[in-house]
Amino acid sequence: MPTLNLIQAINLALDEEMRRDERVVILGEDVGRRGGVFLATEGLQAKYGPDRVMDTPLAEAAIIGAAVGMAAHGLRPVAEIQFADYVFPGIDQLFSQAAKLRYRSGGQFTAPMVVRMPTGGGVKGGHHHSQSPEAHFAHTPGLKVVVVSTPYDAKGLLKAAIRDDDPVVFMEPKRLYRAVKEEVPAEEYLLPIGQAAIRREGRDLTIVSYGGSMVEVLKAAEEMAAVGLEAEVIDLRSVLPWDKPTVLASVAKTGRLLVVAEAPRTASVASEIAATVAEELFDQMLAPPLRVTGFDTPYPLAQDKLYMPTVTRILNAAKRLIDY
Amino acid sequence: MVQEKLAFEPFSLEPIRLIDPEGRWIAPFPHGLPEQTLRQFYRDMLAARLLDEKLVILLRTGKTSFIAPHAGHEAAQVGVAHALRRGHDWLFPYYRDLGLVLALGVPLVEIFGQTLGNAKDPAKGRQMPSHPGSRPLNVFTVCSAIASHIPPATGAALSMKLCRTGQVAVCTFGDGATSEGDWHAGVNFAAVQKAPVVFVCENNRYAISVNIALQTASPNIAIKAQAYGMPGYYVDGLDVLASYFVVRHAVEQARAGAGPSLVELVVHRFGPHSSADDDSRYKSQEEREAERQQDPLLRYQRFLEREGLWDARWASSLRAELLGELEAALQTALAAGEPEPLQMFDDVYATRPWHLEEQRRLLAEELKP
């Protein structure tokens, strides 16, 4: 079984899906000859030609909007937005067209497409190369939102997203692209969108997280274990729909919830999970749910490491939960 | 003759016109159209006009909440409808295109159902009136966000090219849409990739109240095509045969692999922008009267008279027939009930995720008698 990093797993998923289904096409800025600025699509244009791996004009509205029309006409487009921060010129296409086409046409037209984008901070990218805009997408009915954290998940979820009949926003924490490696089966497998993974079992508190923050969460959980505190760690993988049964079952067991994510706190995915758990499990909980998130500021370059949830911040929040 | 038809000149200074205001055929080639087709154009234009009048009545009697009048656009819309292959090519229309989709074959019952937002609406009452769509006829459901359908039209055309289906995407919009970023992004991408798409601007020179002079500094819309590397045709959209022949030419060029083009059909909007608008606040009485004098139906009637294809008796029986069809379709649509409330939760996704199941159960509980 080959050991791959996140970007290699994504490349493999795209390659497998393009080979399997000729309706699968890739479009975006620099995805062709260059193979994408992070090399997610490296080698694919040489293999499948410029019609199926298409370099586009520098226009996110054209990329996402064209994907909508391609999908409505029968293709399975995978659009790449170079950085999640640059999705905003294409947001009218994502929100008004992709997300709403099935609904506004009464099911007559659909947009089965994937919009991939590198997300999050930690690479000294400054504030327009570091944001985590998943809450915008999760707040838009009609979109599914996946945020991956491991190479194995990236392959299985991207393949599932390409075959999904709805538009899927597929977010890839760029700081993990080459930082995490694991064995990824060369053979075919799919992971269901909407199903979380339990990364670590524990009885004392539940930590729900996703994406880039999983690294710090797992480190923090290890430090807790060293002092006899067992955290159950859940990687959501999909933030819409999110895996409520897995989260509720865990919190019902531990009585404590900490949600960790690097996006700004207010009106965030973390807020949604905390609120839902509080609504449903209030009388079984030993402490109020807590959130450790990015701050409600634009992303600051110089304070990169301070902005994202740190191990210390996670440990402090866990202590608050235990001591409550 | 075909050669001469293909000789429409892009970027002409004067709008391309084949019938003059007196109804004379002034083109350097014979139209070559059978009588039945010429009569059908009139029938479709009249049907569009009568539909418009009917919608005004529905609004005034409180049966609908919104209309976007298309009177004045009939020649342009009927020309476009006949220029594409019905049910084969795709149409990406905008909200003022009811005359167009009617001529393309969208059933009146569906148009009224959509207007009423009831169970006869194929889109289940999700959008405001004047937002038609039809899967069987490849009419992409209209979206309110201006120009947001331009990039999807380009994408569909790219798919047609890649899959070698021989189809063409035709995309219509008003003059205001040409100011939107989505318009530029979509048109540029189509030109770069030689996508088989025809962009058609129904330029009535007003985006709600804003005159074309405040919308763009270009001398006309067609000339914008030059910047993207495609032909732009400046056409008298009050002339149904000019609209038809030029759009047909553009469609055939696209089908033959020559890439996209932009066709500007200059029309008048006789009514307000919508039922929420009062055009007397920005158009003088004289301007509105002068526009009405240039009624596209009247010009085409004069042409048919010269061809010996129009007489008052035929026109009056046609009118009666169309009014009968309109009324029958309206009554059928009116008789349809409201969409089932829990349909609200359908079509958000291919299958309902748990959070929508939960919310659906909540409303179902609330609706229990």
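Keep in mind that the numbers below use all heavy atoms, side chains included, and drop hydrogens, waters and symmetry copies. Chain letters run A, B, ... following the sequence lines, proteins first and then strands; every chain starts at 1.
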K.L.:
Measuring heavy-atom distances to chain A, does B/F92 have an atom under 4.5 Å in its side chain, in its backbone, in both, or in neither?
P.N.:
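Contact with chain A is absent: no heavy atom of B/F92 under 4.5 Å.
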K.L.:
Check B/P151, B/S148, B/P152 against A/V68 for a side-chain contact (heavy atoms from CB on, under 4.5 Å) and give me the one that passes.
P.N.:
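The side-chain contact (heavy atoms from CB on, under 4.5 Å) with A/V68 is passed solely by B/P152 among B/P151, B/S148, B/P152.
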K.L.:
Report which part of B/D346 has an atom under 4.5 Å of a heavy atom belonging to chain A: side chain, backbone, both, or neither.
P.N.:
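The backbone, not the side chain.
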K.L.:
Are side-chain heavy atoms of B/S159 and A/R23 found at a separation under 4.5 Å?
P.N.:
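No, side chains not in contact.
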K.L.:
So what's closer than 4.5 Å to chain A heavy atoms on B/T165: side chain, backbone, both or neither?
P.N.:
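Just its side chain gets close to chain A.
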K.L.:
Can you tell me which portion of B/R135 sits under 4.5 Å from chain A's heavy atoms? Options are side chain, backbone, both or neither.
P.N.:
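Both parts, backbone and side chain.
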K.L.:
Would you find more than 12 non-hydrogen atoms of other residues, nucleotides or ligands less than 6.0 Å from A/K244 atom NZ?
P.N.:
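Count over threshold, so yes.
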K.L.:
Checking B/H131 against chain A: side chain, backbone, both or neither under 4.5 Å from a heavy atom?
P.N.:
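Contact with chain A involves no heavy atom of B/H131 at all.
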K.L.:
Who among B/V187, B/T154, B/L162 has the most heavy-atom pairs with chain A under 4.5 Å?
P.N.:
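Counting heavy-atom pairs under 4.5 Å, the top option is B/L162.
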K.L.:
Could you check whether any side-chain N or O of A/D166 sits under 3.5 Å from a backbone N or O of B/A350, counting only pairs where one atom can act as donor and the other as acceptor?
P.N.:
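The answer is yes, because a donor-acceptor pair under 3.5 Å joins these two groups.
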K.L.:
Is A/L101 in contact with chain B via its backbone, its side chain, both, or neither, using a 4.5 Å heavy-atom distance?
P.N.:
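Looking at A/L101, just its side chain touches chain B.
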K.L.:
At a 4.5 Å cut-off on heavy atoms, which part of B/V197 comes close to chain A: side chain, backbone, both, or neither?
P.N.:
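When you check distances to chain A, no heavy atom of B/V197 falls under 4.5 Å.
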K.L.:
Does any backbone or side-chain atom of B/E358 lie under 4.5 Å from a heavy atom of chain A? Answer side chain, backbone, both or neither.
P.N.:
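Only the side chain of B/E358 comes within 4.5 Å of chain A.
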K.L.:
Can you tell which part of B/P353 gets under 4.5 Å to a heavy atom of chain A, answering side chain, backbone, both or neither?
P.N.:
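B/P353 touches chain A through side-chain heavy atoms alone.
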K.L.:
For B/Q114, is it the side chain, the backbone, both or neither that has a heavy atom under 4.5 Å from a heavy atom of chain A?
P.N.:
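Contact with chain A: none, neither part.
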K.L.:
Chain A heavy atoms under 4.5 Å from B/V142: which part of the residue, side chain, backbone, both or neither?
P.N.:
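Just its backbone gets close to chain A.
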K.L.:
Can you check whether B/M344's main-chain N or O pairs, donor with acceptor, with A/Y103's side chain at less than 3.5 Å?
P.N.:
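Between the backbone of B/M344 and the side chain of A/Y103 there is a qualifying donor-acceptor contact (under 3.5 Å).
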K.L.:
Sort A/A61 into side chain, backbone, both or neither according to what part of it lies under 4.5 angstrom from a heavy atom of chain B.
P.N.:
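Both parts, backbone and side chain.
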K.L.:
At a heavy-atom separation under 4.5 Å, does A/L240 approach chain B through its side chain, its backbone, both, or neither?
P.N.:
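Only the side chain of A/L240 comes within 4.5 Å of chain B.
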K.L.:
Chain B: which of A/L75, A/D165, A/L58 shares the most heavy-atom pairs with it under 4.5 Å?
P.N.:
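Result: the option with the highest number of such pairs is A/L75.
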K.L.:
So how far is it from B/D347 CG to A/K100 NZ, rounded to the nearest 0.5 Å?
P.N.:
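One finds 14.0 Å between CG of B/D347 and NZ of A/K100.
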K.L.:
Under 3.5 Å, is there a donor-acceptor pair between the side chain of A/R104 and the main chain of B/T141?
P.N.:
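Pair found, side chain donor or acceptor close to backbone of B/T141.
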